Amino acid sequence: MIRAVKGFRDVLPEEAPLWRRVEETARDLFEAYGYSELRIPVLEKTELFERSLGITSDIVEKEMYTFKDKGGESVTLRPEATASMARAYIEHALYHSDPVGKYYYFGPMFRHERPQAGRLRQFHQLDVEAFGYMSPSLDAEVIALLSTLYRRLHLSQLTTLEINSLGCKECRPVFRDCLLQFLEKVRGGLCPDCQSRIERNPLRVLDCKREGCRRVMEEAPVISQYLCPSCQEYQEEVLLLLEDLGIPYSLNPRLVRGLDYYTRTVFELVTPHLGAQNAVAAGGRYDDLLQQIGGRDIPGIGFAVGMERTILLLEKGGEVPRSLDCYLAVLGPSALKVGMKLAQGLRERGIRLEITHEEKSLKAQLRRASKLKVPIVLILGEEELKKGGIIVRNMDEGTQTWCPLEEDRLIAHVKREGRP
Ligand code: ATP
Ligand code: MG
């Protein structure tokens with residue numbers, strides 16, 4: 001028996017409706033905010049990620065699927081989308097036609113990490129990027145978009161939006177120096193990873209998830225106290241705009257991101273419901289990224305939503321995956337014949353329905369229907385046929401009503417009794 005590769009998983013048909021719901025909700029919303037789809041390839045030159053994420057990031061150091069192709073070129077399965085989106089924006093000189101380029105993308109990403117709940121080696125992200133503009137109102141709009149997506153998915157109650165500023169080229173080095181001094185003092189109390197981060201990338205220590213490091217870092221200097229006046233003003237404006245828009249957030253002065261390219265605004269959507277995997281979506285502003293990968297000096301901001309974690313949250317939130325509107329139970333050969341015609345007619349009019357093709361008892365068919373989690377079962381037996389009607393059973397309430405065998409009336413029934 002050949003099994004799937006570790007950390008790579010199938011999305012089974014029973015889960016697929018939830019995936020589609022998230023994707024469809026996101027697509028509608030992103031388009032409503034003026035974003036268009038930009039489809040990027042799965043494979044990129046390794047250099048793209050080294051230059052954008054930084055060679056000391058965890059992703060580049062430990063997690064990339066990098067290999068030499070048959071021509072000897074080093075290529076990498078993309079671990080995230082921002083770098084590719086930026087590459088595509090520059091490569092096709094989209095800034096000529098779209099001075100503010102707003103794009104979105106859905107697809108799989110690849111990171112060689114230790115698989116566990118909410119952490120896979122092939123996982124999926126919804127990605128949103130806005131290139132070309134640096135303005136607090138754009139930051140607020142992008143954050144509002146993420147927040148609205150979660151509200152539409154009814155997940156606001158399970159998540160908190162955290163915001164911070166990482167400063168700019170002017171103020172971050174000052175903070176970095178103070179942080180370095182602090183880290184030298186507490187070096188012995190940090191994990192080996194963090195000890196080596198001190199030289200290579202001290203900001204990353206603030207992001208360590210280990211309990212011991214977290215405790216030590218409670219005393220560390222916080223970046224908000226080191227922001228230059230223009231970064232400070234910028235952040236205040238973003239926050240004011242969010243308040244105007246009624247977007248709830250919480251300031252987290254300790255929030256940093258694991259990648260090198262972020263500047264100023266950073267944010268994460270976090271949840272206490274997924275154990276150690278507490279971030280479901282994350283993003284921020286990256287004003288130097290496009291230049292770093294060899295493009296022009298164009299600013300940008302974006303975020304990525306983790307699909308698997310979002311789906312896990314939907315399941316926690318009690319959302320029932322459902323793809324069918326009803327199940328048609330038929331009893332006896334003549335009912336099956338009439339039922340087939342009825343099923344065909346209802347399906348053509350947009351009702352999603354399953355009908356049995358075996359001779360099965362009503363009990364067995366109802367069992368199948370509850371397994372499918374359909375809200376309604378239509379029951380057609382010889383008796384009903386004779387009377388020219390059908391039984392409509394509401395599975396949530398366990399009630400039954402009688403309906404004449406007419407498509408229009410049945411559809412009205414199914415719509416009225418079904419779940420939205
Ligand atoms: P984490 O701290 O959990 O490792 P990250 O900072 O590496 O997350 P990002 O690079 O910001 O994650 O990616 C954005 C989102 O993508 C995360 O918030 C998460 O929901 C999702 N994600 C990242 N890595 C994985 C993974 N290995 N498996 C599943 N989802 C992931
Ligand atoms: Mg990670």
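We count ligands from 1, going down the list as the structure has it; atoms in each ligand are counted the same way. The shown structure was predicted, so the numbers you read here are calculated from the model rather than taken from an experiment.
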**Item:** For atom 27 (N) of ligand 1, closest protein heavy-atom neighbour
**Value:** E113 OE2, 2.6 Å

**Request:** Report the nearest protein non-hydrogen atom to atom 12 (O) of ligand 1: residue, atom name, distance rounded to 0.1 Å.
**Result:** R111 NH1, 3.7 Å

**Item:** Value rounded to 0.5 Å, distance of OH in Y133 from CG in D139
**Value:** 12.0 Å

**Request:** Measure up the Y103 and F131 rings against each other and bin them: parallel (under 30°), tilted (30 to 60°), perpendicular (over 60°).
**Result:** tilted

**Request:** Would you mind telling me which of R20, R21, R9 makes a salt bridge (Lys or Arg N to Asp or Glu O under 4.0 Å) with E15?
**Result:** R9

**Request:** For E219, look at atom CD and say whether over 12 heavy atoms of other residues, nucleotides or ligands are found less than 6.0 Å away.
**Result:** no

**Request:** Only heavy atoms count here, so choose which of R309, Q277, H124, Q125 is nearest to atom 8 (O) of ligand 1.
**Result:** R309

**Asked** What residue and atom, counting heavy atoms only, is the protein's closest point to atom 21 (C) of ligand 1, and at what distance?
**Response** G306 CA, 3.7 Å

**Message:** Just to confirm my output: which protein heavy-atom neighbour is closest to atom 18 (O) of ligand 1, and how far is it?
**Reply:** A279 O, 3.2 Å

**Request:** Identify the protein heavy atom lying closest to atom 6 (O) of ligand 1, giving its residue, its atom name and the separation to 0.1 Å.
**Result:** R257 NH1, 3.5 Å

**Message:** Going by side-chain contact (heavy atoms from CB on, under 4.5 Å), T265 matches just one of I143, N164, L239, L166. Which one?
**Reply:** I143

**Message:** Would you say CD of E61 has more than 12 non-hydrogen atoms from neighbouring residues, nucleotides or ligands within 6.0 angstrom?
**Reply:** yes

**Prompt:** Under the ring-ring contact (aromatic ring centres under 6.0 Å, His included) criterion, do F106 and H124 qualify, and how do the steps go?
**Reply:** CA-CA 7 Å; F106 305 159; H124 297 74; over 10 Å; no

**Message:** Among all protein heavy atoms in this structure, tell me which lies nearest to atom 1 (P) of ligand 1, with the distance rounded to 0.1 Å.
**Reply:** R119 NH2, 3.6 Å

**Message:** If you count heavy atoms of other groups shown closer than 6.0 angstrom to CD of E37, is the number above 12?
**Reply:** yes

**Asked** Any N/O of A282 closer than 3.5 Å to an N/O of ligand 1?
**Response** no

**Request:** Report the nearest protein non-hydrogen atom to atom 2 (O) of ligand 1: residue, atom name, distance rounded to 0.1 Å.
**Result:** K209 NZ, 3.2 Å

**Message:** Judged on heavy-atom distance to atom 20 (O) of ligand 1, which of L120, V280, T310, L312 sits nearest?
**Reply:** V280

**Request:** May I ask you to identify the nearest protein heavy atom to atom 31 (C) of ligand 1, giving residue, atom name and distance to one decimal place in Å?
**Result:** F123 CD1, 3.4 Å

